[in-house]
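First up is the structure itself, then whatever we jot down about it.
In what follows, chains are A, B, ... by sequence order, proteins preceding strands, each numbered from 1. Keep in mind the model is a prediction, meaning the values are calculated, not measured.
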There are 2 protein chains.
Amino acid sequence: MEDLEQNSVRNSQTLAGMIDHTILKPEATRAEVARLCDEAIAYGFASVCVNAVHADFVARHLKGSKVKTCVVVGFPLGASGAAAKADEASRAIAAGADEIDMVIDIGALREGDLDRFRADIAAVRRATTGKLLKVIIETCLLDDAQKETACRTAKELGADFVKTSTGFSSGGATVEDIALMRRVVGPEVGVKASGGVRTAENAWAMVEAGATRIGASAGIAIVGGAGKGGPVGY
Amino acid sequence: MEDLEQNSVRNSQTLAGMIDHTILKPEATRAEVARLCDEAIAYGFASVCVNAVHADFVARHLKGSKVKTCVVVGFPLGASGAAAKADEASRAIAAGADEIDMVIDIGALREGDLDRFRADIAAVRRATTGKLLKVIIETCLLDDAQKETACRTAKELGADFVKTSTGFSSGGATVEDIALMRRVVGPEVGVKASGGVRTAENAWAMVEAGATRIGASAGIAIVGGAGKGGPVGY
């Protein structure tokens with residue numbers, strides 16, 4: 001009975017709608033990005049997540065579909081400074097981005113310079129008014145107290161999501177971190193699990209721990225392996 | 001005799017003057033960056049190389065010394081777009097940067113979109129007039145023909161240096177790549193070896209292959225191991 005219930009909840013359509021279909025490697029070509037867009041439309045993913053150089057291309061490619069254009073900012077080091085991040089976000093939005101995934105100022109948080117840490121997020125929040133803002137806290141470089149501070153601050157400053165990882169550091173999303181982040185931000189703010197999520201099983205574990213979005217380059221494998229139903233129209 | 005000559009050329013002061021003393025990890029604290037500045041002054045390194053968030057701090061810390069402030073732009077993915085990179089460079093210069101190390105648009109080069117590839121470098125060159133511009137080509141992601149195109153284009157567009165690597169991808173500087181880059185750019189443009197250079201022996205191999213600058217976080221080990229004389233005043 002438990003199993004049956006779980007199976008009925010765990011349907012691939014639900015999961016697909018939570019996936020940010022992601023290509024962030026620096027050598028990505030337009031052909032690869034175009035394919036990702038087509039796949040996102042076919043599978044009903046939440047967004048296509050790319051570097052800013054592809055923002056305009058992706059926004060045009062996705063036009064008329066329900067799939068959002070998601071662009072990373074200050075990525076992946078989070079060390080370009082508040083003003084540069086805000087400018088980058090503004091440019092991405094002007095190019096058609098619906099969602100901005102920014103990386104926090106990790107050094108400021110770790111050294112306890114919370115003024116600098118807050119100013120950085122606040123600047124990007126101002127630049128993204130009306131758009132969805134996800135704040136990447138890069139959990140693998142933080143201790144639990146720092147993770148809590150990051151999530152609490154992001155929520156206070158109006159972030160729509162907190163997000164675990166860039167996928168370019170020493171670790172990705174864990175169930176423990178998702179649970180911690182969900183506990184800190186409560187039910188109103190989204191939690192995105194990203195970095196190393198490659199299977200349906202792992203994705204569902206994240207969702208059950210509190211994730212409401214999954215960032216992955218393996219979205220098709222995740223959905224394909226999620227149980228009932230294949231992709232529609234692909 | 002050969003050995004003696006080589007020893008007399010291989011003195012640590014010469015090498016120190018070629019080193020960009022580097023800290024680019026996202027979790028770097030101001031205390032770590034300050035220590036790097038003090039070390040660079042004491043050892044006579046060419047510059048301190050940091051992320052943009054530290055540009056102002058480093059420029060102030062190095063004021064009155066001969067050590068330059070070097071700031072990375074579009075780092076490490078090179079995928080933030082030409083306009084964002086140019087803005088980032090302008091901001092870094094306004095904050096006190098003497099040298100800008102930009103990452104090329106790797107995807108544009110790999111897919112053969114040379115218009116986009118050139119426009120990216122040209123935009124940053126315009127934004128850095130009067131300052132030193134190094135163009136990071138990320139050799140580990142390119143084949144030899146792409147490396148040649150990158151170096152030739154950077155030289156044509158007025159770059160002061162070509163540079164091998166960010167240190168954040170799958171590989172760093174090799175003697176073969178330095179030799180290739182030197183051959184393509186000729187004697188007028190600098191060549192910077194970066195990524196994985198950790199010993200005097202390796203640094204000298206790069207210099208003998210044509211490098212005129214070494215980017216390293218292990219500058220002190222490199223200089224300390226280079227033979228005669230320790231650091232001055234440290």
Side-chain angles (χ1 to χ4, degrees), chain A residues 23-34 50-57 71-92 94-95 103-113 116-117 119-120 136 138 140-143 146 166 168-170, chain B residues 23-34 50-57 71-92 94-95 103-113 116-117 119-120 136 138 140-143 146 166 168-170:
Chain A
I23 187 164
L24 292 168
K25 60 180 182 180
E27 68 271 31
T29 62
R30 285 284 153 92
E32 291 176 290
V33 172
V50 292
N51 282 298
V53 73
H54 302 296
D56 172 59
F57 178 80
V71 174
V72 296
V73 158
F75 191 89
L77 302 183
S80 54
K85 286 184 203 177
D87 280 357
E88 214 184 333
S90 299
R91 278 183 194 286
V103 185
I104 61 165
D105 185 337
I106 301 164
L109 176 58
R110 286 191 32 152
E111 71 191 75
D113 186 347
R116 196 175 107 212
F117 177 69
D120 187 73
I136 307 173
E138 200 69 294
C140 64
L141 298 180
L142 306 178
D143 64 28
Q146 290 161 345
T166 63
F168 284 81
S169 189
S170 54
Chain B
I23 188 162
L24 292 167
K25 60 181 183 179
E27 68 271 32
T29 63
R30 286 282 154 92
E32 291 176 289
V33 173
V50 293
N51 281 299
V53 72
H54 303 297
D56 173 58
F57 179 78
V71 174
V72 296
V73 159
F75 193 89
L77 302 182
S80 54
K85 286 184 203 178
D87 280 357
E88 213 185 333
S90 298
R91 277 183 195 287
V103 185
I104 61 165
D105 185 336
I106 300 164
L109 176 60
R110 285 187 40 148
E111 73 192 73
D113 186 347
R116 196 176 107 211
F117 178 69
D120 187 73
I136 306 172
E138 200 69 295
C140 63
L141 298 179
L142 307 178
D143 64 27
Q146 290 162 345
T166 63
F168 284 81
S169 188
S170 54

Partner chain A: residue of B:Val73, B:Val53, B:Asp56 with the largest heavy-atom pair count (under 4.5 Å)
B:Val53
With only heavy atoms counted, which part of A:Phe75 is less than 4.5 Å from chain B, the side chain, the backbone, both or neither?
both
Between A:Thr29 and B:Gly107, which heavy-atom pair has the shortest distance, and what is it?
CG2-O, 4.4 Å
Residues in salt bridge (Lys or Arg N to Asp or Glu O under 4.0 Å) contact with B:Arg91, at least two apart in sequence or another chain
A:Asp87
Would you mind telling me which of A:Ala79, A:Ala31, A:Gly81 has the largest number of heavy-atom pairs within less than 4.5 Å of chain B?
A:Ala79
Rounded to the nearest 0.5 Å, what separation is found between the OG atom of B:Ser169 and the CD atom of A:Glu27?
6.5 Å
Looking at B:Arg30 and A:Glu111, what are the two nearest heavy atoms and their distance?
N-OE1, 2.9 Å
What part of A:Asp105 lies closer than 4.5 angstrom to a heavy atom of chain B: side chain, backbone, both or neither?
side chain
By a 4.5 Å heavy-atom criterion (distance strictly below it), what part of A:Arg116 contacts chain B: side chain, backbone, both, or neither?
side chain
Side chain, backbone, both or neither: which part of A:Ala83 has an atom under 4.5 Å from a heavy atom of chain B?
both
Do B:Pro76 and A:Leu77 make a side-chain contact, defined as non-hydrogen atoms from C-beta onward lying under 4.5 Å apart?
yes
Side chain from CB out, backbone as N, CA, C, O: work out which of these in B:Leu142 comes under 4.5 Å of a heavy atom of chain A, or both, or neither.
neither
Residue pair B:Leu141 / A:Pro26: nearest heavy atoms and the distance that separates them
CD1-CG, 3.8 Å
Hits for side chain to side chain contact (heavy atoms under 4.5 Å, CB included) against B:Ala119, two or more places apart or cross-chain, chain-then-number order -> none
Has the side chain of B:Glu88 got a donor or acceptor atom that lies under 3.5 Å from a matching backbone atom of A:Ser80?
no
Measuring heavy-atom distances to chain B, does A:Leu109 have an atom under 4.5 Å in its side chain, in its backbone, in both, or in neither?
neither
